[in-house]
There are 2 protein chains.
Amino acid sequence: MANHGQGPHARVLESLGPAITAGAYPPGSVLRTDELEQRFQVSRTVVREVIRVLESMHLVSSRRRVGVTVLPPEEWNVYDPQVIRWRLAGPDRPRQLRSLTVLRSAVEPVAAGLAARRATPEQCAELTEHALGMVATSRGQQLDAYLLHDIAFHRVVLRASGNEMFARLGDVVAEVLTGRTRHQVMFTDPDPAAVTLHVQVAEAVRLHDAERAEALTREIATGAMAELDILAP
Amino acid sequence: MANHGQGPHARVLESLGPAITAGAYPPGSVLRTDELEQRFQVSRTVVREVIRVLESMHLVSSRRRVGVTVLPPEEWNVYDPQVIRWRLAGPDRPRQLRSLTVLRSAVEPVAAGLAARRATPEQCAELTEHALGMVATSRGQQLDAYLLHDIAFHRVVLRASGNEMFARLGDVVAEVLTGRTRHQVMFTDPDPAAVTLHVQVAEAVRLHDAERAEALTREIATGAMAELDILAP
DNA sequence: TGTGACCCAAACGTCATACTTAATCGCGTT
DNA sequence: AACGCGATTAAGTATGACGTTTGGGTCACA
């Protein structure tokens with residue numbers, strides 16, 4: 001991703017962030033900087049900068065004379081890609097996957113509708129290409145290749161919507177799709193109905209049929225939610 | 001909000017953040033830390049911590065031997081409430097308002113549908129209360145009171161959806177609604193049709209009619225988009 | 001003239017330390 | 001029991017030193 005390759009800062013952040021989002025420190029817990037210095041064997045500088053970053057994510061709140069307080073989950077910036085990644089890697093994974101899938105079910109149909117209005121010919125071509133790629137790889141244990149086309153497809157739709165905020169969800173969708181492949185249906189071929197729907201969405205976008213693109217994408221989303229048992233509980 | 005009361009850190013951040021999101025530094029611009037030290041008359045400590053925070057928002061990227069590089073807008077964490085606030089306060093305001101309104105149009109109908117399934121009786125009562133409050137304040141220059149009910153209404157819907165990510169959009173919706181009142185229809189009473197729709201949504205949620213709650217909220221969203229001329233361009 | 005390796009300096013990254021500030025705790029007074 | 005005041009504590013800021021990376025310039029050589 002970024003230049004978070006290695007270094008004390010990244011090491012401490014990648015240790016504290018996941019721990020907090022995993023709930024290792026209950027809300028209200030207090031971390032003292034000098035304690036963290038000793039625990040991670042780093043200087044005050046590093047600890048402070050990490051704290052500042054966690055603070056900007058609203059994971060903690062630093063106050064004088066009291067220490068660094070862990071905030072309750074309702075305060076967290078749950079749209080921060082880093083926070084999303086940490087939560088997907090922890091025990092909150094199922095809950096996080098459901099939240100994200102519901103978000104997808106809301107956003108992607110609207111994005112597809114907008115894409116049908118605004119997609120460039122190049123984007124339409126990309127869409128068709130990836131839809132056909134999904135068809136080609138939908139049988140015979142080619143899940144990895146299929147996944148790449150699936151991710152690319154949704155990324156193009158979100159970008160073609162012309163909405164910057166939708167476009168930024170591309171990474172999130174990629175994480176969700178990857179997570180699903182790696183945990184849910186790892187050994188079974190993709191649902192043929194879903195594959196067909198993707199082809200039809202590409203077609204609808206190409207023909208500038210916004211209504212149809214939106215409705216078809218809504219069907220895809222419904223299928224994704226069904227896979228995670230997100231239904232009348 | 002947080003303890004961003006005052007202090008060198010907040011001062012520098014609240015100066016650099018808006019400047020960057022306003023496009024004062026074109027993507028690729030380089031800021032040197034010692035230059036910033038002199039410009040703001042603060043120590044390296046403060047500058048470095050600010051840079052770390054901006055980096056976590058993906059507004060800048062700090063690299064050795066080259067400096068702090070301003071990243072292109074596509075890289076920004078546009079869901080960070082701080083970034084949203086900065087952009088709403090800058091020249092990008094119209095574009096940002098449109099993006100957020102489109103996001104609302106995608107999320108809120110789905111949220112309303114979920115709320116109809118999961119809202120507690122207390123939440124239903126709150127909803128009705130605020131809808132009636134909107135009715136009561138919809139005439140005769142009571143825009144401020146109306147706005148408070150409007151914001152509260154949408155916040156309850158988002159929270160009642162039971163989805164943490166939807167719930168976190170409450171603040172964003174509040175900013176959008178406030179912005180609209182303060183700039184678009186400041187001197188005219190709210191659209192009576194919109195008021196009626198809110199009452200009907202509250203009713204649909206109370207009756208657990210998810211389909212109807214979603215459809216009605218979609219109408220509200222369409223109205224909001226029409227106000228901003230987000231239509232077949 | 002072009003290309004390659006090599007060296008250097010620039011700017012960030014980290015550490016250590018001293019000092020400042022503000023909020024909490026506890027004591028004593030009213 | 002309520003209130004106020006000072007001592008204490010931990011974060012906030014400033015500063016100086018050193019390490020590390022890396023972009024670019026120089027020089028030798030083909």
Side-chain angles (χ1 to χ4, degrees), chain A residues 1-17 19-20 25-72 75 82, chain B residues 1-17 19-20 24-72 75-76 82:
Chain A
M1 202 111 317
N3 56 351
H4 301 320
Q6 283 286 351
H9 180 87
R11 185 169 58 84
V12 175
L13 187 65
E14 288 303 317
S15 174
L16 276 182
I20 293 173
Y25 308 96
S29 304
V30 174
L31 310 170
R32 268 169 304 122
T33 41
D34 56 353
E35 175 210 329
L36 296 173
E37 282 179 55
Q38 293 175 17
R39 171 133 63 101
F40 293 103
Q41 290 293 300
V42 294
S43 72
R44 191 126 168 258
T45 312
V46 172
V47 172
R48 285 191 45 74
E49 287 172 8
V50 168
I51 294 301
R52 275 305 209 313
V53 170
L54 294 175
E55 202 175 10
S56 84
M57 296 170 175
H58 287 80
L59 295 184
V60 303
S61 164
S62 182
R63 286 166 50 201
R64 276 190 167 134
R65 182 56 174 87
V66 55
V68 178
T69 312
V70 177
L71 295 175
E75 299 280 344
Q82 192 118 351
Chain B
M1 204 114 310
N3 56 351
H4 300 321
Q6 279 290 349
H9 181 86
R11 186 168 59 85
V12 175
L13 187 65
E14 289 302 319
S15 174
L16 277 182
I20 294 173
Y25 308 96
S29 303
V30 174
L31 309 171
R32 267 168 303 123
T33 45
D34 54 354
E35 175 210 328
L36 295 174
E37 281 178 53
Q38 293 175 13
R39 171 133 63 102
F40 294 103
Q41 290 293 301
V42 293
S43 69
R44 269 195 296 289
T45 312
V46 171
V47 171
R48 285 190 46 72
E49 287 172 9
V50 168
I51 294 301
R52 281 291 214 237
V53 170
L54 293 175
E55 201 175 11
S56 84
M57 295 169 176
H58 287 79
L59 295 185
V60 302
S61 165
S62 180
R63 286 163 49 198
R64 276 186 162 123
R65 181 61 172 88
V66 57
V68 178
T69 312
V70 176
L71 294 176
E75 301 279 345
W76 300 348
Q82 191 117 345

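To find a chain, count down the sequence lines: A is the first, B the second, and so on, and within it residues start at 1. As the structure is a prediction and not an experimental result, all values here were calculated from the model.
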Among dC15(C), dA11(D), dG13(C), the one nearest S62(B) by side-chain distance: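 For the S62(B) side chain, the nearest candidate turns out to be dG13(C).
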Choosing from dG24(D), dT24(C), dC12(C), which nucleotide comes nearest the side chain of R65(B)?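 So the side chain of R65(B) is nearest to dG24(D).
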May I ask you to verify whether the side chain of [X] and the base of [N] hold a donor-acceptor pair under 3.5 Å?
{"X": "R44(B)", "N": "dG16(D)", "result": "yes"}
{"X": "S43(A)", "N": "dA16(C)", "result": "no"}
{"X": "R64(B)", "N": "dT22(D)", "result": "no"}

Residue pair Q6(A) / E14(A), side-chain donor-acceptor N/O under 3.5 Å: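 No - no donor-acceptor pair under 3.5 Å links their side chains.
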For [X] and [N], what is the distance between atoms [atom1] and [atom2] respectively, to the nearest whole Å?
{"X": "R32(A)", "N": "dG12(D)", "atom1": "CZ", "atom2": "P", "answer": "15 Å"}
{"X": "E37(B)", "N": "dA10(C)", "atom1": "CD", "atom2": "P", "answer": "16 Å"}
{"X": "L36(B)", "N": "dC12(C)", "atom1": "CG", "atom2": "C1'", "answer": "13 Å"}
{"X": "R63(A)", "N": "dT21(C)", "atom1": "CZ", "atom2": "C1'", "answer": "15 Å"}
{"X": "D34(B)", "N": "dA11(C)", "atom1": "CG", "atom2": "P", "answer": "7 Å"}
{"X": "E49(A)", "N": "dA14(D)", "atom1": "CD", "atom2": "P", "answer": "14 Å"}
{"X": "R11(B)", "N": "dG12(D)", "atom1": "CZ", "atom2": "P", "answer": "17 Å"}
{"X": "Q41(A)", "N": "dT14(C)", "atom1": "CD", "atom2": "C1'", "answer": "14 Å"}

Set of residues satisfying side-chain contact (heavy atoms from CB on, under 4.5 Å) with respect to P72(B), sequence neighbours excluded: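 P72(B): side-chain contact (heavy atoms from CB on, under 4.5 Å) contacts with P27(B), E74(B), E75(B).
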Would you give the length of the straight line joining atom CD1 of I51(A) to atom OG of S56(A), rounded to the nearest 0.5 angstrom?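 I51(A) atom CD1 to S56(A) atom OG measures 11.5 Å (nearest 0.5 Å).
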How long is the span from the CZ atom in R11(B) to the CD atom in Q41(B), to the nearest 0.5 Å?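 That separation rounds to 8.5 Å.
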Residue whose closest nucleotide on DNA chain C lies nearer the 5' end, V66(A) versus L31(B):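 Counting from the 5' end, the first nearest nucleotide belongs to L31(B).
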Can you work out whether V42(B) or T33(A) has the more 5'-proximal nearest nucleotide on DNA chain D?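 Counting from the 5' end, the first nearest nucleotide belongs to T33(A).
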Has W76(B) got a side-chain atom pairing as donor or acceptor with V60(B)'s backbone, closer than 3.5 angstrom?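 Absent.
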For the helix from dT1(C)-dA30(D) to dT30(C)-dA1(D), measure the angle between the helix axis at one end and the axis at the other, each built from five pairs, rounding to 10°.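 The angle, to the nearest 10 degrees, is 10°.
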State, yes or no, whether a side-chain contact exists between L36(B) and L16(B) at a heavy-atom distance under 4.5 Å.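 When only atoms from C-beta onward are counted, L16(B) and L36(B) do touch, with a gap below 4.5 Å.
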Salt-bridge test for E55(B) and R52(B): reply yes if a basic N is under 4.0 Å from a carboxylate O, no otherwise.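 Yes, this pair counts.
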Are any of R48(A)'s side-chain N or O atoms less than 4.0 Å away from OP1 or OP2 of dA10(D)?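 Checking R48(A) against dA10(D): no side-chain N or O falls below 4.0 Å of OP1 or OP2.
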